[in-house]
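Note that the coordinates shown come from a computational prediction; the quantities given were computed from them, not determined experimentally.
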Amino acid sequence: GEAIADLVVPRAVPDDERLWVPQAEGVWFRPLCLSASAGYWMNLLRVRRAGVLSRHRHSQPVHGYVLKGRWRYLEHDWVATEGSYVFEPPGDTHTLVVPDDVEEMITYCQVNGVMYYVDPRGKGIGFEDVFTKIDMCRRHFVASGLGAAYVDRFVR
């Protein structure tokens, strides 16, 4: 048929540390589906440090499910705890914070469109989209010995 191939990722939370792509100090993501055809990505976000991680907004909705630990946004009064589902509307600027007593946070995320990083005044300082994520994965998989083509299994 003309359908895109199925994608099944065994052990989404992997035993092999090489499958976690470094994003920032103490922050990694595990690619699950990188949809170049539809402009979204599905990943696990893992954080092993406390404090403010990033101030950002999205051009399209984001969906998340907390697998481990907890986190919050400075701009909101809710806390996303283990087992929580989170919907983030497009255009909302928020600052991700992991509390001091959380050793590890893992959240499953579907990010659509662009993740736009901003400074405290709201001025743009960078962005991520599915294509920058693919590039980050490719560079990391080369450096980790898995090879550039390793990312292709996640691209749809």
Side-chain angles (χ1 to χ4, degrees), residues 1-49 51-69 71 73-75 80 85-98 104-156:
E2 296 183 25
I4 293 173
D6 291 350
L7 173 59
V8 176
V9 179
R11 303 207 50 82
V13 179
D15 293 326
D16 187 344
E17 279 296 312
R18 297 176 302 168
L19 300 179
W20 290 101
V21 179
Q23 184 163 307
E25 184 185 339
V27 181
W28 300 262
F29 71 95
R30 158 58 155 146
L32 298 171
C33 179
L34 301 163
S35 181
S37 60
Y40 68 84
W41 67 94
M42 313 286 294
N43 68 199
L44 298 180
L45 176 66
R46 180 177 76 178
V47 178
R48 288 184 170 166
R49 71 175 171 94
V52 173
L53 294 173
S54 73
R55 182 173 169 80
H56 63 274
R57 66 177 167 264
H58 303 276
S59 63
Q60 295 184 38
V62 172
H63 303 273
Y65 179 76
V66 183
L67 297 171
K68 185 175 183 182
W71 55 271
Y73 286 136
L74 290 180
E75 297 80 5
Y85 162 77
V86 176
F87 168 80
E88 299 177 16
D92 182 51
T93 298
H94 37 249
T95 309
L96 179 61
V97 177
V98 175
E104 181 176 68
M105 178 276 277
I106 299 177
T107 299
Y108 173 66
C109 301
Q110 177 183 356
V111 183
N112 302 286
V114 174
M115 184 165 171
Y116 187 60
Y117 293 102
V118 297
D119 70 12
R121 295 175 312 286
K123 183 178 188 295
I125 56 174
F127 76 94
E128 290 182 346
D129 63 16
V130 68
F131 303 104
T132 65
K133 295 303 254 189
I134 291 169
D135 290 344
M136 288 171 72
C137 289
R138 202 173 303 286
R139 283 191 305 273
H140 169 70
F141 292 144
V142 166
S144 68
L146 294 168
Y150 192 84
V151 71
D152 296 342
R153 70 192 60 212
F154 307 112
V155 178
R156 290 294 181 273

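Contact annotation: the side chain of H56 never approaches that of E128 to less than 4.5 Å [non-hydrogen atoms, C-beta and beyond]. Between L32 and Y108, the closest side-chain pair of non-hydrogen atoms falls below 4.5 Å. Counting heavy atoms from C-beta outward, F154 and M42 have side chains that stay 4.5 Å or more apart. Taking the side chain as every heavy atom from C-beta outward, L96 and L45 approach each other to under 4.5 Å. At a threshold of 4.5 Å between non-hydrogen side-chain atoms, the residues V47 and W71 do not count as touching. Between F141 and P31, some side-chain heavy-atom pair lies under the 4.5 Å cut-off.
Applying the side chain to side chain donor-acceptor pair (under 3.5 Å) rule to pairs touching residues 4-17 yields R11-D15, D16-R18, E17-R46, sequence neighbours excluded. The side chain to side chain donor-acceptor pair (under 3.5 Å) analysis of residues 22-33, with sequence neighbours excluded, yields the pairs Q23-K133. Counting only residues at least two apart or in different chains, side chain to side chain donor-acceptor pair (under 3.5 Å) contacts with residues 146-156 comprise R138-D152.
Shown here are the side chain to side chain donor-acceptor pair (under 3.5 Å) partners of S144, two or more places apart in sequence or in another chain: there are none. Every residue meeting the salt bridge (charged side-chain N to carboxylate O under 4.0 Å, His left out) condition with R48, not counting sequence neighbours, appears here in chain and number order: E104. By the side chain to side chain donor-acceptor pair (under 3.5 Å) test, W20 pairs with no residue at all, sequence neighbours left out.
Looking at H94, E75, R121 one by one, the single match for side-chain contact (heavy atoms from CB on, under 4.5 Å) with R55 turns out to be E75.
Taking every heavy atom of both residues into account, V130 and S35 meet most closely at CG2-N, 3.6 Å.
Using a 3.5 Å distance cut-off with no hydrogens or angles, the side chains of Y40 and Q60 do not pair a donor with an acceptor.
Annotation: H63 is in aromatic contact with F87 [ring centroid separation under 6.0 Å].
No donor-acceptor distance shorter than 3.5 angstrom exists from the side chain of T95 to the backbone of L74, with no hydrogens or angles considered.
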